[in-house]
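Reading through the structure tokens given below for one structure.
Numbers for residues simply follow the sequence, beginning at 1. It should be emphasised that the depicted structure is a prediction, and the values quoted were computed from it without experimental measurement.
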Amino acid sequence: MSQPNQPENNEGLVFILGEIKGQLTSLTTVIGSIQDHQQAMETRLRTLENAWAKLLGASAAAGALAGFIIDVVLK
């Protein structure tokens with residue numbers, strides 16, 4: 001019967017810990033990739049939101065100018 005501190009038990013634990021370390025390294029790499037993708041998507045969304053805000057602002061200004069011109073012409 002083997003004791004907990006026997007070499008064969010330690011080798012098994014070292015092997016299992018090595019597997020866990022490898023899996024954690026792999027997960028860290030995947031998480032980093034996901035974070036990079038999320039950052040790229042946030043940048044893209046921010047760009048689209050800024051463009052949309054500029055378009056709405058230009059539309060509002062054009063509508064106000066058109067309203068002013070029509071008001072002046074009809075007086």
Side-chain angles (χ1 to χ4, degrees):
M1 182 166 213
S2 61
Q3 296 295 323
N5 292 328
Q6 295 266 330
E8 58 269 4
N9 285 340
N10 288 338
E11 290 174 9
L13 290 176
V14 169
F15 179 76
I16 290 170
L17 287 174
E19 285 184 338
I20 292 171
K21 182 179 178 183
Q23 290 174 354
L24 286 174
T25 301
S26 177
L27 285 173
T28 302
T29 302
V30 169
I31 289 170
S33 175
I34 290 170
Q35 288 174 335
D36 291 344
H37 182 70
Q38 178 187 6
Q39 184 64 39
M41 296 305 284
E42 287 178 1
T43 301
R44 181 177 177 206
L45 179 61
R46 189 176 320 108
T47 301
L48 291 172
E49 287 174 337
N50 288 339
W52 182 249
K54 288 177 184 177
L55 179 63
L56 290 177
S59 297
L65 181 60
F68 175 74
I69 291 171
I70 291 172
D71 189 44
V72 168
V73 170
L74 293 179
K75 278 190 177 183

With clusters built from Ile, Leu, Val, Met, Phe, Trp and Tyr whose side-chain heavy atoms come within less than 4.5 Å, directly or transitively, what are the remaining members of the cluster of [X], listed by chain and number?
X     : result
Ile70 : Leu74
Trp52 : Leu55, Leu56
Val72 : Phe68

Please set out all donor-acceptor pairs under 3.5 angstrom arising from side-chain atoms of residues 25-34, sequence neighbours excluded.
unit_1	atom_1	unit_2	atom_2	d
Thr25	OG1	Lys21	O	2.9
Thr28	OG1	Leu24	O	2.8
Thr29	OG1	Thr25	O	3.0

Validation: residues 39-51 side-chain donor-acceptor distances under 3.5 Å, sequence neighbours left out:
unit_1	atom_1	unit_2	atom_2	d
Glu42	OE2	Gln38	NE2	3.1
Thr43	OG1	Gln39	O	3.0
Thr47	OG1	Thr43	O	2.9
Asn50	ND2	Arg46	O	3.4

